[in-house]
Chemist: 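Would you mind keeping the following structure in view while I ask a few things?
The residues of the chain are indexed from 1 along the displayed sequence.
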Amino acid sequence: MTAMSSSTQTKINWAKETREIALLILAVLGFHSAIAKPFYIPSESMLPTLLVGDRLVVTKYPYGYSYLSPAIPFVNTPILPKTDGRLLGGYPERGDIAVVKSPIDHVDYIKRVVGLPGDTIQMKGGALYINGVAVKRVALAPAEIVESPVTGCERYPQYRTLRADGATVCRYPRFRETLPNGVSYDTLDAEPNNIFDNTAPVTVPQGFVFLMGDNRDNSADSRVDPAIGGLGILPVENVVGRAEFITFSLDGTTDLFSPGTWFSAFRSGRAFTSLHPSTEG
């Protein structure tokens, strides 16, 4: 019997391997840039719709692409001419939850679109007015947000309460708002007579949109001047994607060295929740 030679080895084609890895990276980056990207909710500005710790899928193609759509993620290099419009797309719909880039530092924000070009937007006594007409607003049972390491009642401790099951919750006043196109969603009004509950009427110019957070008293949105940390009335070119659905949500109790928390930190009932607002009638 002839022994097989142990010296026979398969040579690795490093040029081919490098090329295939490069193509894979380009495919991932292309998908991230043109189709969809993950998004993490870092603040309470969209309560009760979105919780801190929610992970979302945000699609880019519904609104097309602007000069702020990066060819490579995390690099704000213009790839399209700066224009008033968008390539292969258009304006969001009223009620859409959109990811936008701040006009100051291009940091991503997530807000709800409430005003389109030509709309006159005003807040009166905490109620939203569009073109001089109050948006339908109905009081609901308070929203109960469970306290966790990432979400608490520190800003409004008067709403902290102990639920029958022993959980500490923030029980905020909640209202159902319905826009003129029939889109409905829940909002919070934790602070009556907040500085931004009464604003002067502003008309949205062509090429711009007006956005607000659902947590009306804790959102730096289009009511707030960019010079003091808000978004202001935002150029449509700064809208980069539409929130589609929640993939999963973590309450902040995960401990890397405690495997049991890897599962207990998941918030039940939030995975694959659609973020497309409901429509009345």
Chemist: Please tell me if the side chains of Pro180 and Ile130 come closer than 4.5 Å, counting only heavy atoms from C-beta onward.
Modeler: yes

Chemist: Answer yes or no: is there a donor N or O on one side and an acceptor on the other, between the side chain of Ser102 and the main chain of Ile104, under 3.5 Å?
Modeler: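 Answer holds: yes.
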
Chemist: Checking Glu177 now: which residues fulfil side-chain hydrogen bond (donor to acceptor under 3.5 Å, both in side chains) with it, not counting sequence neighbours?
Modeler: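 Partners of Glu177 by the side-chain hydrogen bond (donor to acceptor under 3.5 Å, both in side chains) criterion, ordered by chain and then number, come out as Tyr185, Arg216.
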
Chemist: Any Lys/Arg nitrogen of Asp119 or Arg94 sitting under 4.0 Å from an Asp/Glu carboxylate oxygen of the other?
Modeler: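 Answer for the salt bridge query: yes.
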
Chemist: Which distance, rounded to the nearest 0.5 Å, do you find between the CG of Leu51 and the CD1 of Ile145?
Modeler: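 If I round to the nearest 0.5 Å, the distance is 5.5 Å.
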
Chemist: Ignoring hydrogens, what is the shortest heavy-atom contact between Ser45 and Lys111? Give both atom names and the distance.
Modeler: OG-NZ, 3.1 Å

Chemist: Under 3.5 Å, side chain of Arg55 to main-chain N/O of Gly53, donor-acceptor pair present?
Modeler: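 Yes; at least one donor-acceptor contact below 3.5 Å.
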
Chemist: If we ignore hydrogens and angles and just use 3.5 Å, is the side chain of Ser222 paired with the main-chain N or O of Gly232 as donor and acceptor?
Modeler: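 The answer is yes, because a donor-acceptor pair under 3.5 Å joins these two groups.
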
Chemist: Output the distance between atom CG (Leu275) and atom CD1 (Ile110), rounded to the nearest 0.5 Å.
Modeler: 7.0 Å

Chemist: What are the two closest heavy atoms between Arg174 and Pro48, and how far apart are they?
Modeler: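 Arg174 and Pro48 have their closest heavy atoms at CD-CG, 4.4 Å.
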
Chemist: Quick check against the 3.5 Å criterion: does Asp214 have a side-chain atom that pairs as donor or acceptor with the backbone of Leu47?
Modeler: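 Absent.
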
Chemist: Please report the closest heavy-atom contact between Met46 and Gly213, naming both atoms and the distance.
Modeler: SD-CA, 3.8 Å

Chemist: Should Met123 and Met212 count as side-chain neighbours, where that means a heavy-atom distance under 4.5 Å?
Modeler: yes

Chemist: Between Arg112 and Ser219, do the side chains contain a donor N or O and an acceptor N or O under 3.5 Å apart?
Modeler: no

Chemist: So for atom CD1, which belongs to Ile195, do other residues, nucleotides or ligands contribute more than 12 heavy atoms lying within a distance under 6.0 Å?
Modeler: no

Chemist: Has the side chain of Gln122 got a donor or acceptor atom that lies under 3.5 Å from a matching backbone atom of Thr199?
Modeler: yes

Chemist: For Leu250, does its backbone N or O pair with a side-chain atom of Arg267 as donor and acceptor, under 3.5 Å?
Modeler: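 Flag set: sc Arg267 to bb Leu250 pair under 3.5 Å.
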
Chemist: Quick one: pull up SG in Cys170 and CZ in Arg155 and give me the separation to the nearest 0.5 Å.
Modeler: 12.5 Å

Chemist: Within a 6.0 Å radius of atom CD on Glu93, are there more than 12 heavy atoms belonging to other residues, nucleotides or ligands?
Modeler: no

Chemist: Under a 3.5 Å threshold, yes or no: a donor from one side chain and an acceptor from the other, between Thr254 and Thr261?
Modeler: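 Side-chain D/A pair, Thr254 to Thr261: absent.
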
Chemist: If you measure from NZ on Lys101 to CG on Asp105, what distance do you get to the nearest 0.5 Å?
Modeler: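 Reported to 0.5 Å precision, the distance equals 9.5 Å.
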
Chemist: Would you call the rings of Tyr172 and Tyr159 parallel, tilted or perpendicular, where under 30° means parallel and over 60° means perpendicular?
Modeler: perpendicular

Chemist: So which heavy atom on Leu211 is nearest to which on Ala98, and how close?
Modeler: CD2-CB, 4.4 Å

Chemist: Which residues pass the side-chain contact (heavy atoms from CB on, under 4.5 Å) test with Pro149, not counting sequence neighbours?
Modeler: Thr253

Chemist: Do side-chain atoms of Asn131 reach the backbone of Thr120 as a donor and acceptor pair under 3.5 angstrom?
Modeler: yes

Chemist: Got Arg242 and Pro92 here, is their nearest side-chain heavy-atom distance under 4.5 Å?
Modeler: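 No - every pair of side-chain heavy atoms lies 4.5 Å or more apart.
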
Chemist: Report yes if the side chains of Glu191 and Gln158 come closer than 4.5 Å at any heavy-atom pair, otherwise no.
Modeler: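 Counting from C-beta outward, Glu191 and Gln158 never come under 4.5 Å.
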
Chemist: Just by distance, with hydrogens left out, do Asp54 and Ser249 show a side-chain donor and acceptor under 3.5 Å apart?
Modeler: yes

Chemist: Quick check for you: to the nearest 0.5 Å, what is the distance between Asp108 atom CG and Asn238 atom CG?
Modeler: 10.5 Å

Chemist: Specify the closest pair of heavy atoms between Glu244 and Pro62, including all atoms of both residues, with the distance to one decimal.
Modeler: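 Heavy atoms only, the tightest pair is OE2-CG, 4.1 Å.
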
Chemist: So Val114 and Val135, do their side chains get closer than 4.5 Å, heavy atoms only?
Modeler: no

Chemist: Do Asp96 and Tyr63 have side chains that approach each other closer than 4.5 Å (heavy atoms only, starting at C-beta)?
Modeler: yes

Chemist: Show the nearest heavy-atom pair for residues Ile121 and Gly115, with the distance to one decimal.
Modeler: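 Ile121 and Gly115 have their closest heavy atoms at CD1-CA, 3.9 Å.
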
Chemist: Would you check if the side chain of Thr273 reaches a backbone N or O of Arg270 as a donor-acceptor pair within less than 3.5 Å?
Modeler: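 Such a contact is found between Thr273 side chain and Arg270 backbone.
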
Chemist: State, yes or no, whether a side-chain contact exists between Phe245 and His276 at a heavy-atom distance under 4.5 Å.
Modeler: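 Of all side-chain heavy-atom pairs linking His276 with Phe245, none is under 4.5 Å.
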
Chemist: Could you check if a side-chain atom of Asp217 sits within less than 4.5 angstrom of a side-chain atom of Asp197, using non-hydrogen atoms only?
Modeler: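 SC-SC contact between Asp217 and Asp197 confirmed.
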
